[in-house]
Amino acid sequence: MAARLEGAVVVLAGAGTGKTATLVAGVCDRIERRKMRADRILAVTFTNKAAREMRERIASALGYDRTPAWVGTFHAHGCRQLRRDPGIAGLRSGFEILSAEDAVRLVRRILKGEGGVSDAALEDDGNSELFRKRVKRIAHYIGDFKERLIPPDEAWTAAGEQVGREQTDEAYLVREAARIYPLYQAALREANAADYGDLLLFPTRTMAGSEEYRREWAGRFDAVMVDEFQDVNLTQYRWLRLLARDHGEFFAVGDDAQSIYGWRGANIGYIRNFLKEFPHGRMVALERNFRSTGHILDAANAIIALDPHRLPKTLYTEEGAGEPIKVVAYRDGNQEARGIAGEIGRRAATGIPYHHIAVLYRYNYLSRVIEEQLLHQQIPYVLVGDTGFWQRGAVKDALSLFRLSVSPYDRQSDEAFRRVVNVPRRGVGGKTLAQLELAAREQSLSLFAAAERAPGFGVVAGKLQAFLATIHDVAAETDLTIAERIERLLWRVGYFEMLRAQGEEGKDPLENLNELLGIAENFSSVENLFDHAALGAGAPGDGLDGRVRLMTIHGAKGLEFPEIFLPGWESTLFPQTGDNVDQDEERRLAYVALTRPMKRATISWCAMRGNRPAEPSRFIEELPPACAKTASTPQNQSTPPRPAVPMRR
Ligand SMILES: Nc1ncnc2c1ncn2[C@@H]1O[C@H](COP(=O)(O)OP(=O)(O)OP(=O)(O)O)[C@@H](O)[C@H]1O
């Protein structure tokens with residue numbers, strides 16, 4: 001059995017072959033048979049959900065006392081390492097972790113705030129939407145440097161190697177990112193904050209640069225185990241190898257055919273070249289799929305077979321053939337959405353629970369029309385992986401208030417101050433804030449402290465001082481639990497009142513705040529709560545029953561549903577076209593999509609999307625005729641379909 005293999009091992013686990021079970025069995029085998037100590041096993045996953053599932057499964061097999069403490073995401077492990085040695089990143093203990101959104105905000109502030117920085121060029125004559133997009137790209141490229149282990153002072157050279165003298169917009173943004181990166185990093189240090197990239201960048205660079213430091217960490221573990229190996233980027237790969245170098249006990253599960261994160265740094269080469277890098281290593285394939293029926297699996301196999309670089313394996317199932325995949329042509333996106341919602345309604349009427357049904361799309365924006373139709377037909381749904389719970393506005397506001405009350409005089413709290421000082425509105429606009437920023441900078445104070453010392457800004461002063469006093473008052477109530485303190489802050493600053501006044505619109509945020517207070521009740525350490533929030537762990541709602549799931553194909557990776565709808569398989573959308581698009585990765589994405597359904601899959605495409613005509617996706621044409629059936633467009637819709645949009649197959 002694969003789980004019992006020793007040394008350097010990659011288990012090439014096809015879709016639905018039980019990757020998690022294999023990894024869990026690997027951990028259990030090392031503890032039970034090979035007598036390794038649980039706390040000396042490092043197991044790494046990409047998502048909190050996978051880590052949670054793994055912990056639970058190990059615990060139910062071996063008991064909680066024999067469940068490794070080091071089961072978690074790359075981010076969580078990196079965070080733990082950095083919390084122990086914050087100095088390696090130039091940070092102090094208690095540092096904050098910036099979310100991706102916060103990182104973008106910081107980039108924007110640097111660009112806007114630095115006189116002489118080319119924000120005018122970036123802004124392109126005041127086109128703020130374009131500016132917003134470019135700021136995001138710059139933040140992305142800074143993250144990209146970090147994923148390639150490139151520190152600020154080497155970024156300029158790296159950018160040169162990457163884009164040379166190219167004059168494209170993207171090349172310009174890469175160079176901007178290289179130029180901003182040192183300023184960005186200095187700002188992070190000043191705010192005693194790390195972004196996600198830092199969590200692994202600094203530990204990895206430090207281990208690479210100091211044998212003593214590396215030994216100290218590598219010496220803690222007897223085995224390094226990793227999930228979704230096809231998705232690791234350079235930094236993650238180096239980090240893993242530095243930790244496993246001494247004992248060579250490296251156990252990875254992955255599937256190169258499901259590598260869909262190349263665009264954010266994943267390097268499929270590590271799994272594909274594994275046997276070159278580890279000449280004494282072993283690679284074994286798992287090919288029995290336990291998830292899908294035969295037709296669905298044959299279709300998925302046929303699509304991926306056209307990837308010439310894939311590692312060889314062919315999935316099979318011992319289930320029956322099941323229903324062929326249904327391919328439906330629609331006139332346009334609205335009709336498609338109506339068709340899907342109608343069909344979901346019909347299936348629900350036959351007793352299929354809503355949460356057994358998922359709609360997976362290539363791009364987020366495709367969800368909008370489908371949502372409208374689901375709402376219209378009163379079908380309950382949930383957008384999965386949309387704005388994560390911890391990124392919702394009200395949740396971030398509440399945590400910012402809390403952060404302020406915990407450490408008002410620390411510059412680390414400045415971002416929190418900026419976020420909530422004028423929510424609800426108390427007249428502190430951009431001008432006042434700019435004055436405070438200046439005063440804070442000049443006197444090396446936190447914004448909170450600068451505001452306390454401010455001579456006053458007319459009417460604003462009274463309200464602002466009242467706000468500051470409230471923060472102090474609540475902080476002084478030392479007998480409150482964390483949840484009580486957050487709740488008290490929300491009441492006292494008028495936040496709840498503001499939401500109530502918003503009526504219908506305030507309902508969702510109120511619900512989110514209630515959930516937050518529930519979660520906060522489980523925490524007694526402030527730092528743990530902030531880490532939990534920053535690492536996006538344990539958001540509520542994962543287990544919601546009774547709702548159709550809507551998500552991107554990327555978001556569906558690792559998941560399975562009995563019934564799946566795959567809209568938007570059109571020549572203009574999927575595969576995505578363009579010079580920089582990795583067509584093999586698009587193919588793998590189609591493979592991921594086709595390996596999610598257990599029983600029934602419905603693919604659809606539209607002859608018009610927006611105002612652009614389209615044809616069926618190449619992937620539809622590649623489906624073997626035996627496992628896909630073209631269905632006529634359902635007729636029972638409010639707008640009748642135009643006659644015969646010909647299918648090309
Ligand atoms: N040995 C087994 N016997 C029966 N069912 C299994 C076995 N292993 C896994 N399964 C079931 O098969 C399905 C797929 O397993 P799992 O989700 O772990 O696959 P996976 O390899 O992670 O797939 P993917 O890579 O596509 O996400 C699940 O429903 C799981 O419960």
Side-chain angles (χ1 to χ4, degrees), residues 1-4 9-29 43-58 60-61 71 73 225-232 251-261 266 268 271 283-294 296-301 303-304 307 310-311 313-320 322 353 355-356 358 360 384-385 542-543 549 551-564 566 585 587-601:
M1 190 180 154
R4 294 168 73 97
V9 179
V10 165
V11 179
L12 192 60
T17 55
K19 212 175 286 135
T20 318
T22 307
L23 199 58
V24 167
V27 172
C28 293
D29 179 67
V44 198
T45 63
F46 272 83
T47 65
N48 291 303
K49 190 163 176 281
R52 212 162 39 237
E53 192 178 330
M54 204 170 157
R55 263 193 306 269
E56 280 161 16
R57 289 213 209 172
I58 299 170
S60 76
V71 176
T73 60
M225 314 193 67
V226 59
D227 194 10
E228 308 275 12
F229 185 49
Q230 75 282 352
D231 285 334
V232 296
F251 185 91
V253 292
D255 181 7
D256 65 318
Q258 293 186 70
S259 170
I260 54 174
Y261 286 112
I268 197 171
I271 191 165
M283 185 179 276
V284 291
L286 299 185
E287 297 181 311
R288 177 172 172 191
N289 174 294
F290 294 100
R291 173 180 298 147
S292 310
T293 49
I296 293 174
L297 207 55
D298 289 347
N301 277 335
I303 295 288
I304 203 64
D307 175 356
R310 76 190 202 290
L311 294 167
K313 68 176 159 22
T314 304
L315 300 186
Y316 68 94
T317 175
E318 295 188 358
E319 293 261 316
H355 62 275
H356 281 191
L360 316 182
V384 180
D542 284 353
R549 295 331 198 230
M551 67 190 95
T552 59
I553 301 174
H554 281 97
K557 185 144 169 291
L559 304 181
E560 62 186 20
F561 298 92
E563 319 255 332
I564 289 189
L566 300 165
E585 186 154 312
R587 175 173 299 287
R588 295 193 293 269
L589 198 55
Y591 178 72
V592 167
L594 285 171
T595 48
R596 299 308 98 197
M598 298 157 80
K599 291 195 165 70
R600 277 198 283 189

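Because only heavy atoms are used, hydrogens play no part in the values below, and waters and symmetry mates are left out as well, while side chains stay in. We count ligands from 1, going down the list as the structure has it; atoms in each ligand are counted the same way.
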Below 4.0 Å from any atom of ligand 1, is there a heavy atom belonging to [X]?
X: Arg596; answer: yes
X: Gly16; answer: yes
X: Thr17; answer: yes
X: Thr595; answer: no

### Task
Inspect the contact between Glu56 and Arg52 and indicate whether a charged nitrogen and a carboxylate oxygen are less than 4.0 angstrom apart.
no
### Task
In sequence, state the C-alpha distance, the side-chain angles, and the governing distance for Gln230 and Tyr261, and then conclude on side chain to side chain contact (heavy atoms under 4.5 Å, CB included).
CA-CA 9 Å; Gln230 75 282 352; Tyr261 286 112; over 6 Å; no
### Query
Quick one: does atom 1 (N) of ligand 1 have a protein heavy atom under 4.0 Å from it?
yes
### Query
Under the 4.0 Å line, does any protein heavy atom show up next to atom 30 (C) of ligand 1?
no
Check whether [X] reaches the backbone of [Y] with its side chain - one donor and one acceptor, N or O, closer than 3.5 Å.
X: Arg310; Y: Asp256; value: no
X: Asn48; Y: Thr73; value: no
X: Arg55; Y: Val71; value: yes
X: Arg596; Y: Leu559; value: yes

### Query
Distance from Glu228 atom CD to Lys557 atom NZ, nearest 0.5 Å?
3.5 Å
### Query
Which part of Ala13 is near ligand 1, with near meaning a heavy atom under 4.0 Å away: side chain, backbone, both or neither?
neither
Can you tell me which residue and heavy atom of the protein come closest to [atom], and the distance to 0.1 Å?
atom: atom 11 (C) of ligand 1; value: Phe290 CB, 3.7 Å
atom: atom 18 (O) of ligand 1; value: Gly18 CA, 3.4 Å
atom: atom 22 (O) of ligand 1; value: Lys19 CB, 3.3 Å
atom: atom 17 (O) of ligand 1; value: Arg291 NH2, 3.1 Å
atom: atom 13 (C) of ligand 1; value: Glu560 OE1, 3.4 Å

### Task
Apply side chain to side chain contact (heavy atoms under 4.5 Å, CB included) to the pair Met54 and Ile58, showing each step before the final yes or no.
CA-CA 6 Å; Met54 204 170 157; Ile58 299 170; 4.2 Å; yes
### Closest heavy-atom pair and its distance - Ser259, Asp231
CA-OD1, 3.8 Å
### Message
Out of all atoms in ligand 1, which are within 4.0 Å of some heavy atom of Thr20? Include the element for each.
### Response
18 (O)
### Task
Would you mind running through ligand 1 and noting each atom that sits below 4.0 Å from a heavy atom of Gly14?
21 (O)
